[in-house]
Amino acid sequence: MQTFIEAVTLGHVSEVKVVLASALAAAAVWQAALMAVGWGAVRVPFLQVRPAAKAHRALGDAIVVVALVVSALCLGYFGVEAEESDAHAPVALALLGVLAVKIAVVRGPPRFGFLLPPLGVAALVLFIAAWATAAAPYLG
Amino acid sequence: MNEAEKRQMAGSLLAALALVAAVVLLVAWRIGPDGVPSRAREEVFEERAEEAEDVRDRSDRRGRGRGRD
């Protein structure tokens, strides 16, 4: 697995992970902004509620795919044990859990829709925390 | 969705793409044009950790020395 990941990233596993994690954190902030418009909490003249919500959903699908790729890189190459000493592993695992619950709520019965705003905020906080505990120290 | 809403959705997704591209360029610039192979980077981290440990050991020894005085 490690050999495969090194081959795919041309030997720059950490660098690829840092770039992808940074892109994910930026996209997560944009997601929160889109949903603030989508929920009607923020009103802007150039974006209405429905297109904001649809764009949030489309971007969210892409974010989940990239997050799974980063997780695979992380677990497959570095493993969980290597990062036991810091907060990154628990934060990243919590993020995957929150994303799984959020997807289940989005695709489940509408009566659980009230859970989406807190789950979205939790996902945003965990995306930033995951970036801050791995990519930020790397970038110095 | 009508045409205006479709345009708004496409615009917000393009803006997201532009933001992500800007962040990728910024981080890539920060990492540097040559990049550093992961293994080499880990070795650098290990060296730094060993240096920090040496500095700690030296200051511990100095502290103990002063304690005897």
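Below, chain A is the first sequence line, B the second, and so on; all start at residue 1.
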Below 4.5 Å, heavy atoms only, C-beta onward: do A/Leu139 and B/Ile31 meet side chain to side chain? yes
Treating Ile, Leu, Val, Met, Phe, Trp and Tyr as nodes and any side-chain heavy-atom pair under 4.5 angstrom as an edge, say whether [X] and [Y] lie in one connected cluster.
X        : Y        : value
A/Val69  : A/Phe127 : yes
A/Val106 : A/Val121 : no
A/Val65  : A/Leu99  : no
A/Val125 : A/Trp131 : no
A/Ile63  : A/Leu124 : no

More than 12 heavy atoms from other groups under 6.0 Å of CZ on A/Phe4: no
Is there any residue in residues 43-56 of chain A with a non-hydrogen atom under 4.5 Å from a non-hydrogen atom of chain B, and which ones are they? A/Phe46, A/Leu47, A/Gln48, A/Arg50, A/Pro51, A/Lys54, A/Ala55
Looking only at non-hydrogen atoms, find the nearest pair between B/Val23 and A/Ala26 and report the distance. CG2-CB, 3.5 Å
Before you tell me yes or no, could you show the steps for A/Leu20 and B/Val24 under side chain to side chain contact (heavy atoms under 4.5 Å, CB included), namely the whole-Å CA-CA distance, both residues' side-chain angles and the distance that decides it to 0.1 Å? CA-CA 8 Å; A/Leu20 289 177; B/Val24 167; over 6 Å; no
Ignoring hydrogens and geometry, is there a side-chain-to-backbone donor-acceptor pair from A/Trp30 to B/Ser12 under 3.5 Å? yes
Distance (rounded to the nearest 0.5 Å) between A/Leu34 CG and B/Leu13 CG: 7.5 Å
